[in-house]
Amino acid sequence: MANVADAPKDSFRLSMLLYDTRYRSLTIQVFVFFLFMAGAAWLVDNTMRNLEALGKDFDFGFLWNRAGYDISQRLVEYTNDSTHGRAMLVGLLNTLLIALLGCMAATVIGVLVGVLRLSRNWIVGRLMTVYVEVFRNVPLLLWILLIYAVFSEATPAPNAFRPNPETGIADRSMFLDAIAVTNRYTALPNPVFSRELGWLDLGLFYVNMDVLAVIGAVIAGWFINRAVKARATRIQEATGERPATWWSSLLLLAGLPVAVLLALGFHLEFPELRGFNFVGGLNVSNSFMALWLALSLYTGAFIAEIVRAGILAISRGQSEAAFALGLRPGRTMNLVILPQALRVIIPPLISQYLNLTKNSSLAIAVGYLDLRGTLGGITLNQTGRELECVLLMMLIYLAISLVISAVMNVYNSAVKLKER
Amino acid sequence: MTKSVFLGTLTVAGLAAGLASAATLDDVKARGELNCGVSTGLTGFSLPDANGNWTGFDVSLCRAVAAAVLGDGTKVKFVPTTGQTRFTALASGEVDMLARNSTWTFSRDTDLKLDFVGVNYYDGQGFMVRKDLGVTSAKELDGATVCIQTGTTTELNLADWFKVNNLSYTPVAVETNAEGEQQYAAGACDAYTTDASGLAATRAAFADPENHIILPEIISKEPLGPAVRHGDNEWADIVRSTLNALIAAEEYGVTSANMEELAANSPNPEIQRLLGVQGDLGKMIRLDNDWAKRAIAVGGNYGEIFAATIGEATPIGLARGLNAQWTQGGLLYAPPFR
């Protein structure tokens, strides 16, 4: 073999690109790359020509034009005088809201069902099997439509809550005088602060300082509590006696946020029927509820299977060992099985989160104005900029997915088996 | 480099539809069938019956064009389009023309690269509410929930009108008229808004039309008309001429019944030219001279079509109003056939 290393450098011939294994793979790669680029160039060229033939240009200027339409659910300031770009932001935030709440609910449902499906209680186990099989084997769109239909057909109109002028009694009364489920929306009490701390201008939108203060209090309480517990552990290790921390934990985790809430004059504004609709409270539209429930239940069924697979992947010896140490079944699950199962669970869980986020674009079926509904729906239609809107929408969904993926991968590397 | 690859890949999805051909007339003739974009179902305007035959006011226009071009009013493939898909369907060449109560606006005519060739129904946007709501004027709709078809001009008018009148409302977006009908009937919205003709048609389809009223306010101008792709003037001429022929026929008293007789005996040169007895008008739009005769023969003149599909004798019961001939105080005014 020494001959190969000693081969003279000047003996390179063109045919070696094909016949010499040292160069052949490179040749093939360059060839494939050129084919790929040619294909891509053809597509771009074809698009340009077609656009030109249709007399259309490629321009994102419409994003700064007046949108002219209204959006019922908006998390940031928006009127029909706002721009299409602003409408896109409103849609994007609606997408993120449904994705966030959906992922949270799906995780809770998934973990619960996944664990319960392994239950030794026969009926509980079978019920969970039925849930998983029913939900993951029927298309998501049908679930969304079904739940939406149930909400809009089986619930009373807001009018039914109006007292009859003769008898003074309404057909329906509000649950606890605070919640009304109607065929348009669910009217809930609205949390408000009587002491306004003002609004923080973030450039694109404003954030309520009161809400920030409460969130800050929760986080601060959590961190201080951790420090207190760490100190208790240090004392325990030094003296063998652990000082009682439950009261300080309670104070920090619950007392601090409650104190801040009270200081800011937190109270609930109850919805009341005035005119055509409930006002004063928080009206959560049925399209949102239907979409949220359907996405959570559907994805929850998949997550349940992932959780079950993760738990079954842990060898039986682990739980036997935990039992041998005298741990109760609940603590065995929490302290021994689940932490190990997480390593198996997290990677497929990421895909489920991504699926849920992308599936939220089915919102169009129930008229929930998410990114697909605003940018890819009304804006696209009113401006006629199909290519621009669809490209922008795809880029945004891609960006959201990559961010979720990145965050979950960070978490994954935190829980995965550390090899030293 | 990777960026252009990425964009290229996206393009496939963005522009899957083929290049719209310039010579629509040749395409239609070669195909032997006219692809006509209609709404997904609006009583009186375009709706398939129990046997799957499309009937209605807009449908009649498609049939008249098919008869003029292909000689047979049944050689039409009706393509149901929603408010969201209609213009894309036309621009991509999926349909040859659109007869789908679409409002002629400046930006659609220019920026969307469509050509509206005329107006076949002068309409305006109205509101329908349940009678027991006790509302008699749209100005009493403060705080109401309003069902609205997305992607339409009505959506923008609604926002403007409520803003101008300083009223608040909650929009409920629906995709098609059928969905709007269902949401309104289920009580998911207090009011349903669309073109007044559409409201009348929707109300006629209810089991209890007497329990719903259409409020007196008409909040916009909605000239509804057939549209074709921008850039094919020859095809635009044919669709425009067909519509004008139907309107002119009513003005001159040419009906599907007396057409043959008038062609033979009428002393009026305008009628003679319209029916192809005199002159060579058909050749000027690359058709034969009987084109208008065939178009009128399918469903009659404009007035006959109106009466048969949406007129006062039908359940929809629309009065001619603005859609009467100019000689009758309406806006219909076909250019001379000469």
Review point. Between A/N183, A/N283, A/T79, which residue shows the highest count of heavy-atom pairs closer than 4.5 Å to chain B?
Key: A/N183
Exercise for review: Considering only heavy atoms and a distance below 4.5 Å, find which of A/Y148, A/Y368, A/F151, A/W42 pairs most often with chain B.
Suggested key: A/Y148
Revision key, fill the gap. Rounded to the nearest 0.5 Å, the CZ atom of A/R66 sits from the CG atom of B/L156 at a distance of 8.0 Å
Practice item. Measure the OG1-CD distance between B/T170 and A/Q73 for me, rounded to the nearest 0.5 Å. Key: 12.0 Å
Practice item. Please tell me if the side chains of A/F276 and B/V135 come closer than 4.5 Å, counting only heavy atoms from C-beta onward. Key: yes
Point to revise | Side-chain heavy atoms of B/E155 within contact of A/N381, under 4.5 Å | key: no
With only heavy atoms counted, which part of [X] is less than 4.5 Å from chain B, the side chain, the backbone, both or neither?
| X | result |
| --- | --- |
| A/D70 | both |
| A/R385 | side chain |
| A/A41 | neither |
| A/T383 | backbone |

I need the residue from [options] with the largest number of non-hydrogen atom pairs under 4.5 Å to chain A.
| options | value |
| --- | --- |
| B/A144, B/G83, B/A186 | B/A144 |
| B/T150, B/L141, B/L158, B/I148 | B/L141 |
| B/C189, B/S107, B/A173 | B/C189 |

Chain A contact via [X] - side chain, backbone, both or neither, heavy atoms under 4.5 Å:
| X | answer |
| --- | --- |
| B/D142 | backbone |
| B/Q182 | side chain |
| B/F162 | neither |
| B/T152 | backbone |

Atom [atom1] of [X]: over 12 foreign heavy atoms under 6.0 Å:
| X | atom1 | answer |
| --- | --- | --- |
| B/H230 | NE2 | no |
| B/N166 | CG | no |
| A/E52 | CD | no |
| B/W161 | CH2 | yes |
| B/K221 | NZ | no |

Review point. Looking only at heavy atoms, what is the nearest atom pair of B/A159 and A/G68, with distance?
Key: CB-O, 3.2 Å
